[in-house]
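In what follows, a single structure is set out as structure tokens and then discussed.
Residue numbers begin at 1 in each chain, while the letters A, B, ... track the order of the sequences. We use all heavy atoms of the structure for the numbers below, so side chains are in, but hydrogens, waters and symmetry mates are not.
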Amino acid sequence: MEEGVVNEILQGPLRDVFDSKQLITDISGSGNNWAVGHKVFGSLYQEQILEKLRKSAEHCDCLQCFFIIHSMGGGTGSGLGTFLLKVLEDEFPEVYRFVTSIYPSGEDDVITSPYNSILAMKELNEHADCVLPIDNQSLFDIISKIELMMNSGKLGTVIKPKSLVTSSAGTSKKRQEKPFDKMNNIVGNLLLNLTSSARFEGSLNMDLNEISMNLVPFPQLHYLVSSLTPLYTLADVNIPPRRLDQMFSDAFSKDHQLIRADPKHSLYLACALMVRGNVQISDLRRNIERLKPSLQFVSWNQEGWKTSLCSVPPVGHTHSLLALANNTCVKPTFIELRERFMRLYKKKAHLHHYLQIEGMEEGCFTEAVSSLSALIQEYNQLDATKSLPVEDIPRLSVAV
Amino acid sequence: MSIVTVQLGQCGNQIGFEVFDALFSDSHCPQKFCSKRENEAYQASCKERFFSEEENGVPVARAVLVDMEPKVINQTLSKAAHSGRWKYGQHSHFCQKQGSGNNWAYGYSVHGPRHEESIMNLIQKEVEKCDSLSGFFIVMSMAGGTGSGLGAFLTQNLQDQYSNSLKMNQIIWPYGTGEVIVQNYNSILTLSHLYRSSDALLVHENDAVHKICAKLMNIKQISFRDINQVLAHQLGSVFQPTYSGEGSFHYRRNPLGDLMEDLVPHPEFKMLGVRNIPQMSENSLAYSTFTWAGLLKHLRQMLISDAKMEEGIDWQVRPPLSGLPTLGKMPLTKEFHFNTSIANLVILRGKDVHSADLGAFKDPALYTSWLEPVTAFNVWKTQRAFSKYEKSAALVSNSQSLVKPLDMIVGKAWNMFASKAYLHQYTKFGIEEEDFLDGFALLEQVIASYRNL
């Protein structure tokens with residue numbers, strides 16, 4: 001809802017990738033206000049957005065899913081973004097809605113981000129098929145780790161001449177890097193790997209609709225923690241390829257998750273492993289057998305693994321692994337978000353900015369919080385089953 | 001008589017390719033131990049069953065390829081075309097742009113009715129190319145969405161439209177530790193539906209074939225291609241031509257009909273498994289020699305002790321002594337899980353095949369009490385060796401060996417069902433809890449029936 005970022009893209013090296021007719025901008029932005037994004041710009045731009053969406057959809061032989069990429073803490077991404085979810089659900093009910101959401105980290109600079117996030121969460125709960133939460137702090141930690149590896153000098157690292165993103169002039173000079181570029185690159189790679197099996201051939205393909213089918217056992221529990229190995233960014237640093245098995249181990253460590261979470265010490269409802277490159281089914285099975293004992297799966301899904309093998313590795317690597325987990329370790333993020341929200345809400349701080357928008361009232365806030373609390377409660381219930389012994393449910397008995 | 005193969009889903013198509021390739025390779029394998037005329041008769045019989053002729057002499061597989069997304073079919077078609085030796089028909093495939101999402105309900109209730117006409121038309125065309133039709137061989141997996149759901153739907157359709165032809169479904173049992181999270185649900189629904197509409201279910205377990213690759217073939221980094229090739233080898237040794245009777249030198253004309261007659265005496269018992277001996281890497285083959293006595297002894301023990309390959313066989317297991325009351329022996333056999341059979345078919349291929357002694361397979365103790373070995377046991381032979389194996393034996397059996405895996409899948413699915421997990425994904429497309437319950441009930445019945453043999 002403001003022009004700066006979109007204009008930059010249009011002048012950058014990828015300007016030809018985007019269809020200029022498919023861009024919508026406004027002037028003043030949403031002022032970090034979910035209500036402005038959702039209610040004001042929502043109704044203002046609904047028709048326009050719908051029209052452009054329909055146009056894009058017509059170009060598709062078979063439309064399978066929408067990717068919504070936004071942040072939770074701001075106004076446009078959070079407000080208008082979640083408004084669109086409802087629109088998509090009404091207009092294209094059979095098309096999956098995958099949402100990649102950037103959650104605000106502890107020290108983020110938008111004061112009202114807890115309000116925006118909680119209000120957005122309610123929409124995500126109700127209208128998204130699948131959400132991949134990511135937070136900036138984790139991305140930042142990952143980047144720092146990479147830089148540490150680069151600068152340690154022990155590994156004799158070399159910056160490869162081919163960058164993942166080259167300027168349209170094709171020079172090998174590193175282009176002007178913006179502060180968030182490296183972090184965003186990781187998210188970009190996440191989406192790349194997610195869709196790799198749908199784009200390339202492999203011995204065990206996985207389509208996007210299979211992700212929702214396998215990883216969402218109950219409609220409300222559709223938050224997936226993601227981790228990517230090996231780690232790499234824009235600069236395509238030539239870290240020596242670690243052993244294949246190490247790649248699998250890393251995917252489950254808390255340092256590789258794209259959100260602050262420790263899946264190993266929480267309960268798994270389901271887990272998907274998407275492997276790219278020269279990896280065969282025996283490697284996959286060996287590693288699953290190896291890692292299984294250290295992971296806790298819910299009692300009714302003890303073998304809750306979904307796997308896929310894509311033969312084409314990412315650029316510059318021999319293999320890579322994307323792990324998506326439906327795990328109760330998302331709970332702390334939500335709890336923390338709720339706490340930050342309550343701290344502001346109790347004082348009614350900044351509330352007037354929201355309430356002055358037509359269609360907003362305090363009820364919206366209380367509803368949003370209870371929606372989140374209900375979700376947290378679901379996760380609590382699951383966690384409670386963690387330590388219980390697995391019960392054998394009596395089978396159907398038949399007359400012989 | 002000819003067999004029309006229907007390849008469904010990624011698994012079905014990948015395997016189907018390897019099967020036709022194995023059939024073709026074997027058919028054209030240079031033979032040392034049989035006459036030229038014999039070999040030509042064999043080749044002609046194989047061709048009649050599985051290939052039809054094209055104008056420029058390249059045989060075309062009698063197959064229909066179906067998948068809901070295009071990548072695998074494209075790959076399969078081009079692999080066959082590039083080999084230059086055989087190929088698939090140009091218009092024998094059907095695919096869509098979007099897969100079934102591992103959702104049985106989507107494959108069965110959405111793709112099935114939507115594409116019924118197109119697919120049945122393709123099959124009709126293939127059937128018309130045959131002088132006479134022995135039946136259908138449907139290759140599919142249980143764990144996914146297309147093979148399993150659409151496969152169940154199509155089998156039912158074939159039942160309705162071609163009620164006089166036989167249907168054998170080649171089912172791939174997924175790995176125990178998941179390839180797909182909802183594989184147990186998909187398997188329950190597939191098996192219960194197929195049990196009603198198919199004539200026989202030939203089962204291959206990924207876990208078992210994987211072990212064969214690891215232990216017998218010595219493959220280090222096992223890929224799906226390796227697994228499929230072992231599977232294709234086993235299927236080839238069952239489906240390639242054999243003499244039509246004792247003393248005859250003509251090849252039998254109706255393989256599917258004969259298989260059903262020999263192996264499925266009662267519709268309650270339809271689950272068949274294959275064991276094959278010997279099976280090893282080509283390098284080892286050069287240094288090995290076999291006798292029929294040795295091969296058959298191993299094969300019999302594999303059957304009794306329910307081993308899937310010739311390594312690690314438990315020689316302690318013995319059949320209960322026939323004639324004696326089972327009271328004294330029961331605990332022992334129960335402990336060692338003696339594998340009782342309903343019917344067995346041994347297929348022998350190779351040098352001196354007529355000298356093989358099969359007496360041990362005719363022991364009534366191997367079989368359930370309500371069948372005599374003379375009906376329950378059959379043997380097919382040919383002097384023409386299979387592939388590079390001077391002597392090879394295959395055993396197709398209808399026995400208790402699939403009870404344990406079936407029981408496990410039903411158990412896991414039931415557990416998940418009790419928590420109602422993932423059910424919303426199925427009810428979305430019209431498969432309700434009732435349909436699941438029907439499936440469970442049918443399969444519990446099958447398990448109980450087999451257990452009581």
Side-chain angles (χ1 to χ4, degrees), chain A residues 60-64 96 197-219 221 269-272 278-285 288-289 292 298-309 326 385 390-400, chain B residues 10-11 14 68-69 71-72 74-75 96-103 106 144-145 175-184 206 210 213-214 219-227 410-412 414-425 437 440-445 447-449 451-452:
Chain A
C60 306
D61 280 332
C62 176
L63 181 59
Q64 186 173 62
Y96 286 92
S197 192
R199 291 178 290 121
F200 298 120
E201 37 126 64
S203 58
L204 191 56
N205 293 336
M206 176 153 118
D207 237 343
L208 293 161
N209 47 5
E210 294 175 27
I211 295 181
S212 173
M213 176 71 187
N214 284 291
L215 295 174
V216 183
F218 300 100
L221 302 177
L269 285 94
C271 185
N278 185 17
V279 183
Q280 301 301 343
I281 187 72
S282 53
D283 301 313
L284 197 51
R285 304 198 53 70
I288 290 181
E289 291 300 314
K292 214 167 57 149
V298 73
S299 64
W300 41 262
N301 205 2
Q302 293 276 299
E303 270 93 28
W305 297 94
K306 163 76 183 153
T307 54
S308 86
L309 295 166
N326 193 339
T385 66
V390 180
E391 264 178 43
D392 253 343
I393 298 153
R395 297 256 293 265
L396 281 180
S397 52
V398 286
V400 176
Chain B
Q10 174 166 29
C11 178
Q14 283 177 189
M68 293 296 108
E69 56 114 2
K71 294 197 294 287
V72 182
N74 288 338
Q75 244 192 332
Q96 292 289 282
K97 303 283 182 166
Q98 176 172 304
S100 305
N102 288 163
N103 193 330
Y106 200 76
Y175 284 101
T177 40
E179 301 164 21
V180 169
I181 293 177
V182 290
Q183 63 186 40
N184 298 318
N206 270 350
H210 190 107
C213 288
I219 304 174
K220 291 284 177 273
Q221 203 189 19
I222 301 169
S223 67
F224 269 122
R225 182 130 201 267
D226 300 316
I227 293 190
V410 172
K412 286 189 204 165
W414 185 248
N415 230 7
M416 202 184 261
F417 184 68
S419 70
K420 306 225 183 296
Y422 298 103
L423 287 181
H424 69 285
Q425 309 272 15
L437 284 171
F440 279 115
L442 192 150
L443 292 176
E444 294 281 9
Q445 182 73 52
I447 294 174
S449 307
R451 276 222 173 101
N452 278 319

### Query
Given a strict heavy-atom distance threshold of 4.5 Å, which part of B:Q14 is in contact with chain A: side chain, backbone, both, or neither?
side chain

### Query
Where on A:S212 is there a heavy atom nearer than 4.5 Å to chain B: the side chain, the backbone, both, or neither?
both

### Query
Contact part of B:Q98 toward chain A, heavy-atom cut-off under 4.5 Å: side chain, backbone, both or neither?
both

### Task
Output the option from A:C62, A:S308, A:S203, A:G202 having the highest count of non-hydrogen pairs under 4.5 Å with chain B.
A:S203

### Task
Measure distances from B:Q96 to the heavy atoms of chain A and classify the residue's part below 4.5 Å as side chain, backbone, both or neither.
neither

### Query
Looking only at atom types and distance, does a side-chain atom of B:W414 sit under 3.5 Å from a main-chain N or O of A:P394, one as donor and one as acceptor?
yes

#### Entry: Toward chain A, the part of B:Q75 with a non-hydrogen atom under 4.5 Å
side chain

### Task
Determine whether A:V216 and B:Q425 make a side-chain contact, defined as any pair of heavy atoms from C-beta on separated by less than 4.5 Å.
yes

### Query
Considering only heavy atoms from C-beta outward, does the side chain of A:N209 approach that of B:Y106 to under 4.5 Å?
no

### Task
Pick one of side chain, backbone, both or neither for A:L63, based on which atoms fall under 4.5 Å of a heavy atom in chain B.
backbone

### Query
Can you name the closest pair of heavy atoms from A:N214 and B:V182 and give their distance?
OD1-N, 3.4 Å

### Task
Measure A:N205 against the heavy atoms of chain B and call it side chain, backbone, both or neither at under 4.5 Å.
both

### Task
Answer with side chain, backbone, both or neither: which region of A:S197 has an atom nearer than 4.5 Å to a non-hydrogen atom of chain B?
backbone

### Query
For B:I219, is it the side chain, the backbone, both or neither that has a heavy atom under 4.5 Å from a heavy atom of chain A?
neither

### Query
Just how far is it from atom CE of B:M416 to atom CG of A:N301, taken to the nearest 0.5 Å?
4.0 Å

